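Structure first, commentary second.
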Amino acid sequence: MIYPPLKSTSFVVREFLLKVNKTHSALTIGIPKENTRFEKRLALTPEAVALLVDEGHTVILESGAGLPINYSDNYYSESGAHIVDSKAAVFEASLILKISPPTLQEVRMMRPRATVFSFLQQPLLSSAVFEVMAAKRINALAYDLVYDSDGSSPFATAIAEIEGASAVTLAAELMSNAHGGKGILMGGVPGVSPTELVIIGADVAGTIAARAALGLGAMVKVFDNDINKLRLMEHNLGHSLFTSTLQPNVLRNTFLSADVLIGAMEYINKPHRDIISEDLIKELKQGAIVIDLRLAQGGCFETTMEACIPGAPTLYQKHGVLHFCEMSISSRVARTASIAMSNIFSSLFLRMAGGGGVIGLAQSDRGFSSGFYMFSGKMVNVYVANLFNLPVNDIGLFLPGY
């Protein structure tokens, strides 16, 4: 007996094939010019702006904001951004995208209940800024505090990679005669001893710096109190790398012959700080170079903490040692850093738009919500609260369904 063929739709539940329309939250993003004396990076490139505009978002850019990374107003305009001459017009947006933390004047220009994203850069924050944020019920998020599923910060990691590589390039430049250095080559040549480079901190920036320095032929020594990080670095970079915990006697003996000292410790969300004392800096030989990559977190060295004050010189001599201190060394390669950040932002904003906006994503993503240090005008981050001796609240109290 021959049975008729079954219809292909006989057992299909049609409801399963219907497209689910997710709620789309259009964002209005304001991007102001940064203070170019300290900061040249920008959060979004024209390519990222075009992607966001195509998704229905609005981007308002202050005229000239892209010039430090060699993107013209015309390029941003062609990508769909609205170019405005007034900084106040930018701060009318509901979401402000910055690199440096908002200043007191900028917070005063924000609309009530607005949201501002930036790096933490603790020396540039103040209690006065928090007071105005509280009065206007501002939401403030720091990129450094956001983390993903593996517990790392995508923004901090991207910038740390750039800073680690840039630090070695900068050290080679500062050691040359052209910049007042001793006139030595990073890696040396046959018959000449290689440069001795010491790194304090075995996190991402320290690892990338060590890799770059080893590639140039330098002798590299890394110090950190986390044995697991030292073990991982040695596994990845090879046994030619010297590693040690922060033992004072070992440090002192190492500093006696060091040519370059790079500070790359991570302090954010850490229970304590390991600071290299001024007495140890005095052990460095004359003409040695100190590069502090953690000025935005308060500094790695006792002799660079004074450079955390806004307006302090970025290059100075102390105890015969040349100190280089900038809030973010990645600002020296601002275009590369901006593209790296823009790639992350593009994905983040698309998720945000499909997940109910800033508040919706904060409710559903603990890693994203951890980036807020102010929420609805309340301090919600323990690390930042401790820095400024402020009371702290649980962000879950302000997020329904959190």
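Please read all numbers here as calculations on a predicted model, not as lab measurements. Both backbone and side-chain heavy atoms feed into the values below; hydrogens, waters and symmetry mates do not.
Screening residues 279-326 for ring-ring contact (aromatic ring centres under 6.0 Å, His included), with sequence neighbours left out, gives Tyr316-His323. Residue pairs meeting the ring-ring contact (aromatic ring centres under 6.0 Å, His included) criterion with at least one member in residues 194-227, sequence neighbours excluded, do not occur. Sorted by first then second residue, the ring-ring contact (aromatic ring centres under 6.0 Å, His included) pairs that include residues 257-286, not counting sequence neighbours, number zero.
Remark: the Ser277 side chain and the Asp279 side chain contain no N/O donor-acceptor pair separated by less than 3.5 Å.
Looking at heavy atoms from C-beta onward, Lys98 lies in side-chain contact with Pro32 at the 4.5 angstrom threshold.
Between Tyr373 and Phe130, the ring-plane angle classifies as perpendicular under the 30° and 60° cut-offs.
Aromatic ring centres of Phe155 and Phe345 lie closer together than 6.0 Å.
More than 12 heavy atoms of other shown residues, nucleotides or ligands fall within 6.0 angstrom of atom CZ in Arg273.
To the nearest 0.5 Å, atom CG of residue Leu61 and atom OH of residue Tyr71 are 13.0 Å apart. Between the CE atom in Met219 and the CG atom in Leu197 there is a gap of 11.0 Å [rounded to 0.5 Å]. In this structure, the separation between CZ on Arg294 and CD1 on Ile329 is 10.5 Å, given to the nearest 0.5 Å. In this structure, the separation between CD1 on Ile291 and CG on Leu170 is 4.0 Å, given to the nearest 0.5 Å.
Using a 4.0 Å cut-off between charged nitrogen and carboxylate oxygen, Lys221 and Glu196 count as a salt-bridge pair.
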### Task
Assess whether side-chain hydrogen bond (donor to acceptor under 3.5 Å, both in side chains) is satisfied between Ser166 and Arg332, documenting all intermediate values.
CA-CA 8 Å; Ser166 297; Arg332 294 171 61 87; over 6 Å; no

